[in-house]
Amino acid sequence: MPDLRKDPITGRWVIISTDRARRPSDFSRESFKIKGGFCPFCPGNESKTPPEILGYRPTTAGGPSAPKDSPGWRVRVVPNKFPALMIEGNLDRQADGMFDRMIDLKQDKRFKYILAFKNHGDAAGSSMEHPHSQLIALPILPKNVAEELEGAKQYYNYKERCIFCDVIQQELETKTRVIAENSDFVTLAPYAPRFPFETWILPRRHESAFENASSQMYENLARTLQTLIAKADRVLDHPAYNFMIHTSPIGDSTNDYYHWHIEFLPKLTKVAGFEWGSGFYINPTPPEEAAQYLRECKVEAPIAEPVGA
Ligand SMILES: [Zn+2]
Ligand SMILES: [Zn+2]
Ligand SMILES: [Zn+2]
């Protein structure tokens, strides 16, 4: 019997088709493969991208760090050459840290939401092989976030508690959908996932805005995300994937009802007519099974590296 499940936050229905439950090896997927060729994101090719907004260049033995738009960086932030939306005015603003990009964009009164995401692999819509993430500031609230915010607000008005905090507490009690946990984060398969192996990473304690977390939280988040990706690479044979950060909207970043999180979506199936037509999703892998595969897959703990330089 297929299992009809309703996401407690958005009220979205999904069909978990247990009768054709699929194991990791059953997906015919396009794994991420390095094709090579010229890459404008590689060190040495800085002149092939628009001038950088921000770069982390570690200094060696107390020497000066390399200049802007030159090699020697660990992380580089550049404007999108083909932006979906254009920013007006001066892009050449100064920022002190990776997450200050969001704080900086929040100053612009036209923006209502800042979405950070990563596309990895052709199947996940990435046109560039080099690992990179993107940041888009939007003048409207995206629909998926608006639905979560609405659901979370309703729950809060009724129970005076954050629904995500309640979900985390329940999941940590039952453990069936928990993939990993540490002092700051819980990695879990949601009760009603749209896609096989859909995974969320949530801060353990209530936090409404991603950009307001401590640097120690970001370090732990980087390790948590690396661990999840290493597990997914092992279990699902290097899948293409997307992940996005869902945080509170600009102007309402400190609140008691919304809890920021990362949604990690390996690209294993194609969304088809039924999904487009109905808004329902059919998921062939129960989240309890997906969580078990990922939980039991042992990977080496990533080495702690300081954020920034
Ligand atoms: Zn490259
Ligand atoms: Zn919460
Ligand atoms: Zn979300």
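Note that these values count all heavy atoms, side chains included, but never hydrogens, waters or copies made by symmetry. In listed order, ligands and their atoms are each counted from 1.
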May I ask you to decide whether R76 forms a salt bridge with E46, counting only side-chain N to carboxylate O separations under 4.0 Å? no

Using 4.0 Å as the upper bound for N to carboxylate O, is an ion pair formed by E198 and R12? no

E148, N/O/S atom nearest the Zn ion (ligand 3): OE2

Shortest-distance N, O or S atom of H261 relative to the Zn ion (ligand 3): NE2

To 10°, measure the SG(C42)-the Zn ion (ligand 1)-SG(C39) angle for me. 120°

When you look at [atom1] of [X], are more than 12 heavy atoms from neighbouring residues, nucleotides or ligands closer to it than 6.0 Å?
X	atom1	value
K112	NZ	no
Q170	CD	no
Y158	OH	no

State yes or no: do V299 and L228 share one hydrophobic cluster built from I, L, V, M, F, W and Y residues joined by side-chain heavy-atom distances below 4.5 Å, directly or via other members? no

How is the N/O/S atom of H206 that comes nearest to the Zn ion (ligand 2) named? ND1

Atom name of the N, O or S atom in H259 that lies nearest to the Zn ion (ligand 2): ND1

Report the angle formed at the Zn ion (ligand 3) by atom ND1 of H246 and atom OE2 of E263, rounding to the nearest 10°. 100°

Looking only at N, O or S atoms, which one in H130 sits nearest to the Zn ion (ligand 1)? ND1

